[in-house]
Amino acid sequence: MHTKRLYGIRGAVCTENKPDALKEAVCTLVRELFEKNGIEDEENIVSVQFTVTSDLDCLNPAAALRQGGLCTRAPLFCAAEPHIKGALPKTVRVLITAYLTVCDADKRPVHIYLGEAQKLRPDLCASQTPDLSASPTPS
């Protein structure tokens, strides 16, 4: 019998401060997180929380996700990332809290950091195949 466990699944992406670019980057990131973690049913999602750096002010990532047809019923929330000198600019971070099926005791969620955001957690990206085309890089 497969049981479910509550997990926090993290990810991030860098994007241009343009509504279409932000929507594409956020939806690509969340689709990838859903695919890699086997999230097929929105009923398993407890909440989706975003943070954004202050240089991204064109569109709320939660609104972008809904516009993209994802997470239409799950609670979404967005907050401003604190200003930290030297922090990676134009970054959207996400924390998805969801129930995942546990098939073996060592299974952990797959965290996804796309494009320039891979710099945030190289330890988690070492086994991740870089897909720099998945997110526009800041200019």
Side-chain angles (χ1 to χ4, degrees):
M1 179 175 170
H2 295 291
T3 60
K4 291 192 177 192
R5 178 178 169 225
L6 188 62
Y7 285 96
I9 307 160
R10 298 171 298 192
V13 65
C14 295
T15 184
E16 291 299 317
N17 191 30
K18 298 177 183 173
D20 288 342
L22 191 141
K23 179 179 168 184
E24 179 181 343
V26 166
C27 289
T28 298
L29 174 62
V30 171
R31 279 189 193 103
E32 183 89 4
L33 285 164
F34 284 3
E35 179 184 328
K36 298 289 185 189
N37 288 287
I39 300 173
E40 298 174 4
D41 184 358
E42 191 173 326
E43 295 300 317
N44 290 320
I45 299 170
V46 175
S47 66
V48 179
Q49 300 175 45
F50 291 99
T51 64
V52 292
T53 52
S54 62
D55 47 6
L56 294 177
D57 59 4
C58 66
L59 181 64
N60 182 315
L65 194 62
R66 291 219 197 273
Q67 289 173 12
L70 298 165
C71 294
T72 57
R73 295 181 317 272
L76 306 180
F77 183 79
C78 183
E81 191 74 29
H83 176 72
I84 306 294
K85 290 180 184 177
L88 190 62
K90 298 182 179 179
T91 303
V92 177
R93 289 175 176 84
V94 66
L95 172 62
I96 300 171
T97 306
Y99 287 97
L100 302 178
T101 301
V102 179
C103 295
D104 87 53
D106 294 329
K107 182 176 176 166
R108 299 283 184 256
V110 178
H111 308 290
I112 305 289
Y113 291 80
L114 299 176
E116 289 293 310
Q118 291 183 9
K119 294 176 183 175
L120 296 170
R121 291 301 305 263
D123 57 317
L124 295 178
C125 297
S127 62
Q128 179 181 315
T129 304
D131 185 1
L132 301 179
S133 65
S135 65
T137 54
S139 57

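- Rounding to the nearest 0.5 Å gives a distance of 10.5 Å between CZ of F77 and OG1 of T51.
- You'll find the side chain of Q49 stays beyond 4.5 Å of the side chain of V94, heavy atoms only.
- Taking CZ from F34 and CG from D41, the interatomic distance works out to 10.5 Å, rounded to the nearest 0.5 Å.
- Here the CD-CG distance, from E32 to L114, works out to 6.0 Å after rounding to the nearest 0.5 Å.
- Side-chain contact between T97 and L6: present, with at least one pair of heavy atoms (C-beta onward) separated by less than 4.5 Å.
- Across C71 and E42, no two heavy atoms sit closer than the pair C-OE2, 3.3 Å.
- I39 is listed as a side-chain neighbour of I45, based on a closest heavy-atom distance under 4.5 Å.
- The number of heavy atoms from other shown groups lying within 6.0 Å of CG (D55) is above 12.
- Side-chain contact between K4 and L100: absent, with no pair of heavy atoms (C-beta onward) separated by less than 4.5 Å.
- The shortest heavy-atom contact between K23 and L59 is CB-CD2, 4.3 Å.
- Under the 4.5 Å side-chain criterion, counting only non-hydrogen atoms from C-beta, V52 is not in contact with E81.
- A pairwise comparison of heavy atoms in G8 and P109 identifies O-CG, 3.9 Å as the closest pair.
- Under the 4.5 Å side-chain heavy-atom criterion for ILVMFWY residues, a single connected hydrophobic cluster contains both V110 and V48.
- Between atom SG of residue C14 and atom CZ of residue R93 there is a gap of 8.0 Å, rounded to the nearest 0.5 Å.
- Taken to the nearest 0.5 Å, the CD atom of E16 stands 11.5 Å off from the CD atom of E24.
- Between the side chains of N17 and K90, no donor-acceptor pair of N or O atoms lies under 3.5 Å.
- When hydrophobic clusters are built by joining Ile, Leu, Val, Met, Phe, Trp and Tyr residues whose side-chain heavy atoms come closer than 4.5 Å, directly or via intermediates, L70 is grouped together with I112.
- The salt bridge (charged side-chain N to carboxylate O under 4.0 Å, His left out) search around E43 returns R73, not counting sequence neighbours.
- Across all their heavy atoms, L33 and G11 have their closest contact at CD1-CA, 4.4 Å.
- Shown here for V92 and P61, the closest heavy-atom pair between the two residues is CG1-CB, 4.0 Å.
- The only member of L22, T91, L29, V26 that meets side-chain contact (heavy atoms from CB on, under 4.5 Å) when paired with T15 is L22.
- A62 and N60 get closest at one heavy-atom pair: N-OD1, 2.7 Å.
- Counting only heavy atoms from C-beta outward, the side chains of F50 and L65 approach each other to under 4.5 Å.
- Linking ILVMFWY residues whenever their side-chain heavy atoms come closer than 4.5 Å, directly or via other members, places Y7 and L76 in the same cluster.
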